[in-house]
K.L.:
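The following block contains the structure, expressed as structure tokens.
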Protein chains: 2
Amino acid sequence: MRKTLKDVAALADVSSATASLALNGHASRVSADVIERVQQAAKSLNYQPNLLARGLRTQETKTIGFISDVVATTPFAGQMIAGAQEHAWSKGWLLLLIDTNNNASLEAAAIDALHQRRVDGFIYASMFHRIVRIPQGLIGRQVVLLDCTDEPKEPGIDSVIPHEYEGAMSAMRLLLSQGHRRIGHVTSKEIGVATVERLRAYKDALAEAKIPFDASLVAYSRSGDAPDGYDGAVQIFANKKAPSAIFCYTDRMAMGVYEFAQEKGLSIPLDLSVVGFDDQPFLANALRPALTTVRLPHYEMGSWASERLINLVNDEDSDSPNPMRKYLHCPLVERESVAPPRS
Amino acid sequence: MRKTLKDVAALADVSSATASLALNGHASRVSADVIERVQQAAKSLNYQPNLLARGLRTQETKTIGFISDVVATTPFAGQMIAGAQEHAWSKGWLLLLIDTNNNASLEAAAIDALHQRRVDGFIYASMFHRIVRIPQGLIGRQVVLLDCTDEPKEPGIDSVIPHEYEGAMSAMRLLLSQGHRRIGHVTSKEIGVATVERLRAYKDALAEAKIPFDASLVAYSRSGDAPDGYDGAVQIFANKKAPSAIFCYTDRMAMGVYEFAQEKGLSIPLDLSVVGFDDQPFLANALRPALTTVRLPHYEMGSWASERLINLVNDEDSDSPNPMRKYLHCPLVERESVAPPRS
DNA sequence: TACGTTTCGTTAATCCATTAACGTTAATCC
DNA sequence: GGATTAACGTTAATGGATTAACGAAACGTA
């Protein structure tokens, strides 16, 4: 029924060992003639090697265990997974996927399950940029952290994360270069890498442009959703002097700012320029006017994680620092929500 | 280093065969005393069975090959994957994931790769509801189609899809029950299961309410995006008599209708009720007012596919028709965009 | 006592591929 | 010519589990 190496060998009239050698490119061990015959036989039988058997023997499965906290409810998960999967695939590797729903005991079980299937390494993915404590079960194994890092200071494990600061900086510089001097920042009071770094860039960019920081132009809402953006705009516009631009912590908040502007009869971008962050699929580009924002490189991060992990397993990449923390560029995506200030 | 069954057996002072029997619950073959000893030994060594070896022997991997066309760029992919993965996981199964980017040759290679890893079955997922031609490589294997079907008439393969017609019907009935008599339908001219079924329900619902069909109330835009929804609204409102409600083919189109309403100074839902379809994450609930819509049961479809496939492999479910086409309910999600018509 | 049954554990085959070690034949060297 | 080496294929061990077949001890019964 199902063809094995033995069948191929029989057809090519050699031993199965020779067939194996021939198919795996050990040219020096087998004559060209035999290689040809074996390959023919394999093709004619449509031979597909049993990777379980190979993995059992070689102790390598070319499989990555991809553990994530919540694929279901984040709009970015797909891109991270796709990035990781597509790079892996280009190298002949595959992804074994588990979503732990952020449940620690489930996480431990997931690691066991993947380990039992003898994955060669793990990608541990967070659905938002944060600092994590790496689960016990991953210690001592090949791991790359995706969209998260282990310790604040020294990396103990490879990780790939977005360069929040630089991304926010480029957003601010865009507004400044258009002539804006009074720029608001709508953010969340939740403390995390993203809020902190984006706010820091906001301040630094102002300083760079020699604009004094005005605390009343920064609104800290509860969370990062659209209603929070709306609330933030309300707060900021309570000032005597309105801003001509707002830099939002997230695209969803920018959506709330849009609503606010609409209600107040402010035209975007003529009366108010808005910049978001995330480049959230189906949102940033769907808003009217389309939102200028900073893109989180989810696909690229996934891809990098995959590449790094495979290199790690193959013991390549020995030149680059190990462990390392990789910051990926967050490109500015210019659309239609930014214009020079009025007058 | 790594513990094997042999180590466990040695520690429990039995043969590895007995250890295997003991751990796998063949109670009738082994004395209670020995079972106890073996389990103790396994625990103390933190024994993790090598599933490659087991799979090689038993010809079962408890692994599903999940093939999808485009996980990266659809907001629903995560839910489908999560649904499938979580159910699988609850049964001790895992998902091996490949995204083929809708490339046929890549698809064939993907099937081979999964087959070589000896997956027990395949979930073939489409990112929008459509009729597909099942790839050659899947013929004769255990397959469940997810969000797609094979042939228009008789199912040749198990599949799970949303009940478009019923979902659209409930949306229409909601509008009708609120007293709307002049209801527009903004859709796409692209022909697919979703457009066709939702339009059919639109017509049938009107007929049910004894409202004559008015072709000028249906707008066929290019695609299903926000700008298309806007265009559709423009078309429909070009009528002498404006509709009091619009049923949109997608939430994104509804978003376009919102823009139109805003520009025309129409208040939703007071001047115009709007119902969408999809319940697109981060969109339907983020719009102001929040959009009443019909939810596509992506999570549930994923879960069903997984369950069905596992049953198929385990040769259970033999009572239910085989192959079957499973229609899942699309629940109405009532939010704030529907109200009775003005006077 | 003799013989049939249970009970319970072991031996050995099997799943399929990889690869170190070995053996045979032929070519090469001095 | 005899020894050395190269070329090339085979044998057999190995990876770690499952399970059919077997066998020894214990038990029951006439």
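Throughout, protein chains are lettered first and strands after them, A, B, ... in sequence-line order, and every chain is numbered starting at 1.
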K.L.:
Quick one: is D:dG15 close enough that its OP1 or OP2 comes under 4.0 Å of any side-chain N or O from B:Asn50?
P.N.:
no
K.L.:
Looking only at side-chain atoms of B:Leu5, point me to the closest of C:dT18, D:dA17, D:dG16.
P.N.:
D:dA17
K.L.:
My understanding is that a pair needs two contacts under 3.5 Å, Watson-Crick or G-U wobble. By that rule, which nucleotide pairs with C:dT5?
P.N.:
D:dA26
K.L.:
Quick one, A:Glu86 and A:Tyr299 - any side-chain contact, counting heavy atoms below 4.5 Å?
P.N.:
yes
K.L.:
Using the side-chain heavy atoms of A:Pro49, tell me which of these nucleotides is nearest: C:dC22, C:dA17, D:dA17.
P.N.:
C:dA17
K.L.:
If you define the side chain from C-beta out and look only at heavy atoms, does anything of B:Arg54 sit under 4.5 Å from B:Asn24?
P.N.:
yes
K.L.:
Consider the side chain of B:Leu21, meaning its heavy atoms from C-beta on, and name the nucleotide among C:dT18, C:dC16, C:dT10 that approaches it most closely.
P.N.:
C:dT10
K.L.:
Quick check: on DNA chain C, is the nucleotide nearest B:Val14 upstream (toward 5') of the one nearest A:Leu51, or the reverse? Name the residue that is more 5'.
P.N.:
B:Val14
K.L.:
From NZ of A:Lys62 over to P of C:dA17, roughly how many Å is that when rounded to an integer?
P.N.:
17 Å
K.L.:
Using atom CG of B:Asn24 as one end and atom P of D:dA20 as the other, report the distance to the nearest whole Å.
P.N.:
13 Å
K.L.:
Measure CZ/A:Arg37 against C1'/D:dG9 and give the value in whole Å, please.
P.N.:
11 Å
K.L.:
CG of B:Asp13 versus P of C:dT10: gap in Å, rounded?
P.N.:
8 Å
K.L.:
Let me know the distance between CG of A:Leu52 and C1' of D:dG15, rounded to the nearest Å.
P.N.:
12 Å
K.L.:
Can you tell me if B:Arg117 uses its side chain to pair, donor with acceptor, with the backbone of A:Leu51 under 3.5 Å?
P.N.:
no
K.L.:
Rounded to the nearest angstrom, tell me the gap between atom CG in B:Leu45 and atom C1' in D:dG16.
P.N.:
15 Å
K.L.:
To the nearest angstrom, how far is A:Arg118 atom CZ from D:dG15 atom C1'?
P.N.:
11 Å
K.L.:
Could you check whether A:Thr4 gets within reach of a base, just the sugar-phosphate, or nothing at all, counting any heavy atom under 4.0 Å?
P.N.:
sugar-phosphate
K.L.:
Within the 4.5 Å heavy-atom criterion, are A:Asn101 and A:Val70 side-chain neighbours or not?
P.N.:
yes
K.L.:
C:dC15 pairs with which nucleotide, Watson-Crick or G-U wobble, both distances below 3.5 Å?
P.N.:
D:dG16
K.L.:
Out of D:dG15, D:dT11, C:dG9, which nucleotide sits closest to the side chain of A:Ala17?
P.N.:
D:dT11
K.L.:
Which nucleotide wins on minimum distance to the side chain of B:Val30, given the candidates C:dG9, C:dT18, D:dT10?
P.N.:
C:dG9
K.L.:
State whether the side chain of B:Asp150 and the backbone N or O of B:Gly156 hold a donor-acceptor pair below 3.5 Å, judged by distance alone.
P.N.:
yes
K.L.:
Both B:Ala19 and A:Lys6 contact DNA chain C. Which one's nearest nucleotide lies toward the 5' end?
P.N.:
B:Ala19
K.L.:
Identify which nucleotide among D:dG9, C:dA17, C:dC15 has an atom closest to any side-chain atom of B:Leu56, counting heavy atoms from C-beta outward.
P.N.:
C:dC15
K.L.:
Between the side-chain atoms of B:Arg54 and the base atoms of D:dT18, is any donor-acceptor pair under 3.5 Å?
P.N.:
no
K.L.:
I want to check something: taking the side chain as every heavy atom from C-beta on, are B:Trp93 and B:Leu309 in contact at a cut-off of under 4.5 Å?
P.N.:
no
K.L.:
If you only use heavy atoms from C-beta on, which nucleotide in D:dG16, D:dT18, D:dG9 is closest to the side chain of A:Val34?
P.N.:
D:dG9
K.L.:
Can you tell me if A:Thr58 touches the phosphate of C:dA17, counting only side-chain N or O atoms and a distance under 4.0 Å to OP1 or OP2?
P.N.:
no
K.L.:
Is A:Thr18 touching bases, backbone alone, or none of the nucleic acid, heavy atoms closer than 4.0 Å?
P.N.:
base
K.L.:
Let me spell it out: for each of B:Gln48 and A:Asp33, pick the nucleotide of DNA chain D with the closest heavy atom. Which residue's pick is nearer the 5' end?
P.N.:
A:Asp33
K.L.:
Side chains of A:Ile310 and A:Ile64, heavy atoms from C-beta outward: is any pair under 4.5 Å?
P.N.:
yes
K.L.:
Would you say C:dC16 has OP1 or OP2 under 4.0 Å from some side-chain N or O of A:Tyr47?
P.N.:
no
K.L.:
Separation of A:Ile35 atom CD1 from D:dG9 atom C1', in whole Å?
P.N.:
12 Å
K.L.:
Can you identify which nucleotide, out of D:dT11, C:dT10, C:dT18, has its nearest atom closest to the A:Ser15 side chain?
P.N.:
D:dT11
K.L.:
Choosing from C:dT18, C:dT14, C:dA12, which nucleotide comes nearest the side chain of B:Arg57?
P.N.:
C:dT14
K.L.:
Where the side chain of B:Gln59 is defined as all heavy atoms beyond and including C-beta, which of C:dT11, C:dG9, C:dC16 is the nearest nucleotide?
P.N.:
C:dC16
K.L.:
What does B:Ser20 touch in the nucleic acid at a heavy-atom separation under 4.0 angstrom: a base, only the sugar-phosphate, or nothing?
P.N.:
base
